[in-house]
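Reminder, nothing fancy here: chain letters follow the sequence lines and each chain counts from 1.
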Amino acid sequence: MGADLDDLFVRAEDGELLLRGTTGRSRRIRNRLASIWMVGSVVVAVIPLALVIGYVLVKGIGQLTPDWFTKDLPAVTRRAGGGMGPAIVGTLLITGVAAAMSVPLGVLGAIYLHEYGGRGRLARLIRFMADVMTGVPSIVMGLFVYTIWTIAHGLSAFGGALALSCLMLPIIIRTTEEMLRLVPDELRQASYALGNRKWRTVVTVVLPAAFGGITSGVMLAVARAAGETAPLVFTIGAARNLNLSIFNGPTTALSVQIFGNAQTPFEAAQARAWGAALTLVAIVFILTILARVVSAGVARRHNA
Amino acid sequence: MAIDQKDMAVTPGDRSGGDAASLLVASSGRRTDRLFRSVALVAGLLVLAILGLIAASTTHEAWPAFRSEGLSFVTSSTWIPAEGKFGALAFIYGTVLSSLLALVLAVPVSLGIALYANEAAPSRIRRPIIYVMDLLAAIPSVVYGLWGFIVLAPFLGPHVYAPINDAVGGWPVIGWFLNGSSGRSFMTAGIILAIMITPIITSLSREVIATVPRAQREAAYGMGATRWEMIRLAVLPWGRGGIVGAIMLGLGRAMGETIAVALVIGSQAGQITTHLFEAGDSMAAVIVNQFGEASGTHRAALVGLGVVLFLVTIIVNVSARSVVARFDRRAQGF
């Protein structure tokens with residue numbers, strides 16, 4: 001670092017720029033170019049976001065009639081009509097079951113990491129592998145659940161939920177641990193001083209204190225899982241009718257419907273894909289915004 | 001609350017050996033404690049168990065394909081399911097090429113946004129930039145795929161790739177990468193992937209940049225540095241390790257991305273070419289496109305592609321996390 005600053009110092013002195021309190025032309029131009037690059041990057045990133053959201057809104061909004069939410073999928077893909085009811089219910093059901101499995105386990109895992117494991121070797125290994133696990137492609141999770149569940153038990157909502165919960169688990173562990181870290185140690189010590197055992201301290205003092213942050217992290221994980229397609233393709237099948245059973249028979253989901261309908265050359269099917277995309281994006285955005293609101297509320301309370 | 005007080009009263013007693021009833025309460029408290037710890041430990045160990053199970057069960061399922069193909073599973077590019085030939089090299093190539101294209105496009109943009117948000121932006125538009133990144137990250141990959149398939153690819157082919165090809169396709173070196181103007185191509189896959197990994201690289205780089213000590217920035221400014229010189233001298237050297245880690249995590253994400261790539265890469269099996277505007281295929285895209293109609297060894301081979309993908313992404317992620325961890329230690333130790 002010292003060498004770099006020396007470099008700057010020498011260069012400035014050479015041109016006597018600093019002494020005269022002005023900045024050389026080429027340095028000014030380079031600084032201007034860097035600013036253009038930075039602002040340009042933001043613009044470049046906003047364009048696809050605006051285009052994607054715009055297209056989804058414009059092309060999808062026409063599909064959202066009351067029938068869309070209640071009717072079964074049409075028997076013939078290329079015809080218009082029918083609705084997306086089974087896929088909407090499927091997405092909510094599969095994501096809900098996945099959350100019901102991964103949230104308790106993830107929070108418990110985080111409690112182990114932060115409250116018990118700390119800086120120990122095992123905890124460090126688990127923490128590292130949880131980070132690595134967040135990078136496992138979702139399609140690999142789909143294949144994994146296909147091999148351990150679907151081959152033996154057939155297509156069902158539960159298979160999809162298993163795959164999604166494998167994706168959510170490491171995210172929930174890591175975000176929850178971050179939130180537990182924010183709980184001041186004084187709270188734990190106060191609880192011990194009252195004679196509370198560790199488990200009681202964790203359950204009645206630490207978890208409530210971290211509740212907002214954990215909720216927000218969980219919602220982001222759920223939002224990500226709700227949009228996943230690859231893990232569902234091999235595990236839930238493609239039903240046309242509503243299937244409320246978790247373990248029995250194939251079901252469907254919004255993401256799978258988008259994927260399937262997009263690839264057909266039929267206009268009605270593609271329109272259905274846009275409608276499903278709008279519905280899915282709405283669900284995901286609502287969850288994301290709720291998570292933001294919750295975490296903003298928590299931040300306000302902390303500052304107060 | 002009453003129970004709490006009883007617990008409290010009992011705790012000292014359990015060392016000095018109090019009456020039977022209080023001993024019972026105390027030891028049951030301890031047992032609950034131990035039970036709670038064990039349950040939490042099991043939940044933590046689940047991560048290791050799942051990773052191990054993924055490796056074991058998918059390898060087992062793919063074994064018939066691995067056995068019949070041997071090493072040529074990853075060295076041959078002949079993939080003809082009807083003849084029982086499963087060489088995945090072309091798909092590995094497609095995965096690597098589309099992901100590298102995505103990095104080339106996404107890294108300058110991501111770093112630009114991260115630097116702008118942390119160093120240059122007026123404070124009132126900092127938040128909106130972060131929100132935009134959050135929204136980009138929140139859009140499901142299948143929605144990007146849908147947009148890429150119906151809107152972007154049909155536009156890029158005739159209106160961007162073809163003119164570029166006509167203009168500079170005959171030039172030396174550049175022409176080597178051009179030729180062809182397929183809307184669904186390696187390049188389109190790279191563009192869609194770049195959009196998807198930009199928020200990841202941006203947010204991780206931002207975290208790294210935020211740890212640069214204020215004194216270091218002020219020292220650079222104090223010596224008369226312009227903003228760019230300050231960034232180059234004080235911010236980038238400090239964050240280099242973490243930024244490299246962020247880029248590698250983006251790479252891992254791009255390689256595993258399935259649905260969006262499956263929709264825009266063109267699904268041209270067996271194509272290994274330097275022509276970026278031609279159709280190809282990636283490992284994840286082949287798995288999802290062929291799985292439905294596959295059976296027997298073909299299906300085993302597709303699971304085998306998943307095993308290769310798993311190994312590659314694990315390697316990329318482990319190295320990325322190691323880089324980031326080393327950076328974290330340094331940042332904390334400073």
Side-chain angles (χ1 to χ4, degrees), chain A residues 4-5 8-9 12 18 23 27 30-31 34 37-38 41-42 44-46 48-49 52 55-56 105 108-109 111-113 116 126 128-133 135-137 139-140 143-144 147-148 166 170 195 197-199 223 227 229-230 233-234 255 258-259 262 270 273 277 280-281 284-285 288, chain B residues 7-8 11 29 32-33 36-37 39-41 43-44 46-48 50-51 54 57-58 61 109 112-113 115-116 120 129 132 135-136 138-140 142-143 146-147 149-151 195 198 223-229 233 252 256 258-259 263 284 287-288 291 303 306 309-310 313-314 317-318 321:
Chain A
D4 285 335
L5 288 176
L8 175 72
F9 186 70
L18 284 177
T23 307
R27 292 175 62 203
R30 240 175 281 166
N31 192 42
W37 163 51
M38 290 188 281
S41 299
V42 175
V44 166
V46 169
L49 178 70
V52 170
Y55 267 97
V56 167
L105 288 172
L108 276 170
I111 288 172
Y112 173 75
L113 287 185
Y116 291 100
I126 293 176
F128 186 82
M129 290 320 251
D131 278 341
V132 170
M133 193 172 162
V136 172
I139 190 168
V140 172
L143 287 174
F144 165 59
T147 61
I148 62 157
C166 288
R197 291 212 171 259
K198 188 150 189 172
W199 72 271
T229 315
V233 176
F234 320 126
S255 55
I258 300 170
F259 184 52
Q270 292 196 348
L280 184 59
V281 167
V284 170
F285 276 16
T288 309
Chain B
D7 270 356
M8 190 169 71
T11 311
T32 319
D33 233 9
F36 187 71
R37 184 185 197 281
V39 172
L41 175 61
L46 203 57
V47 168
L48 306 183
I50 290 175
L51 282 174
I54 293 174
S57 72
T58 50
E61 195 62 28
V109 174
I113 299 170
L115 288 173
Y116 185 68
I129 293 174
V132 165
L135 289 181
L136 265 182
I139 293 177
V142 68
V143 174
L146 172 71
W147 178 73
F149 184 84
I150 296 182
V151 181
I195 300 173
T198 293
M223 309 206 74
T226 61
R227 185 158 64 211
W228 169 238
E229 284 162 345
L233 294 174
T258 308
I259 298 296
L263 284 167
I287 300 173
V288 80
F291 205 82
V303 178
L309 192 57
F310 179 64
T313 48
I314 286 284
N317 273 283
V318 166
R321 293 292 174 187

Identify the heavy atoms of [X] and [Y] that sit nearest to each other, and give their distance.
{"X": "A/Leu143", "Y": "B/Gly306", "answer": "CD1-CA, 3.6 Å"}
{"X": "B/Leu51", "Y": "A/Met133", "answer": "CD2-CG, 4.0 Å"}
{"X": "B/Val318", "Y": "A/Val132", "answer": "CG2-CG2, 3.8 Å"}
{"X": "A/Gly227", "Y": "B/Pro140", "answer": "O-CB, 3.5 Å"}
{"X": "A/Phe285", "Y": "B/Ala138", "answer": "CE1-CB, 4.0 Å"}
{"X": "B/Thr313", "Y": "A/Pro137", "answer": "OG1-CD, 3.3 Å"}

Closest-packed option against chain A by number of heavy-atom pairs under 4.5 Å, given [options]:
{"options": "B/Val288, B/Val143, B/Ile150, B/Ile259", "value": "B/Ile259"}
{"options": "B/Ile195, B/Thr58, B/Leu136, B/Leu115", "value": "B/Leu136"}
{"options": "B/Ile50, B/Thr198, B/Ile129", "value": "B/Ile50"}
{"options": "B/Ile314, B/Leu263, B/Val39", "value": "B/Leu263"}

In a check of side chain to side chain contact (heavy atoms under 4.5 Å, CB included) between B/Ile139 and each of A/Val56, A/Val284, A/Leu49, which one passes? A/Leu49

Segment of [X] engaging chain A (4.5 angstrom heavy-atom cut-off):
{"X": "B/Val303", "value": "both"}
{"X": "B/Ile113", "value": "both"}
{"X": "B/Ala120", "value": "side chain"}
{"X": "B/Phe310", "value": "both"}
{"X": "B/Thr258", "value": "side chain"}

Rounded to the nearest 0.5 Å, what separation is found between the [atom1] atom of [X] and the [atom2] atom of [Y]?
{"X": "B/Asp33", "Y": "A/Tyr116", "atom1": "CG", "atom2": "OH", "answer": "5.0 Å"}
{"X": "B/Trp147", "Y": "A/Tyr55", "atom1": "CH2", "atom2": "OH", "answer": "8.5 Å"}
{"X": "B/Leu146", "Y": "A/Gln270", "atom1": "CG", "atom2": "CD", "answer": "8.0 Å"}
{"X": "B/Asn317", "Y": "A/Asp131", "atom1": "CG", "atom2": "CG", "answer": "9.0 Å"}
{"X": "A/Leu113", "Y": "B/Leu41", "atom1": "CG", "atom2": "CG", "answer": "9.5 Å"}
{"X": "A/Thr288", "Y": "B/Leu135", "atom1": "OG1", "atom2": "CG", "answer": "7.5 Å"}

Between A/Val44 and chain B, which part of the residue has a heavy atom less than 4.5 Å away: side chain, backbone, both or neither? side chain

When the 4.5 angstrom heavy-atom criterion is applied to A/Ala223 and chain B, the contacting part is neither

Parallel, tilted or perpendicular, as decided by the 30° and 60° cut-offs, for the rings of B/Phe36 and A/Trp199: tilted

Side chains of B/Val132 and A/Val42: closer than 4.5 Å at any heavy-atom pair? no

What residue in A/Thr229, A/Val136, A/Val281 has the most heavy-atom pairs under 4.5 Å with chain B? A/Thr229

Option that, when pairs with chain B are counted at under 4.5 Å, heavy atom only, ranks first among A/Ile126, A/Ile148, A/Val46: A/Ile126

Criterion side chain to side chain contact (heavy atoms under 4.5 Å, CB included) on A/Phe128 and B/Arg321, from CA distance to verdict: CA-CA 8 Å; A/Phe128 186 82; B/Arg321 293 292 174 187; 3.5 Å; yes

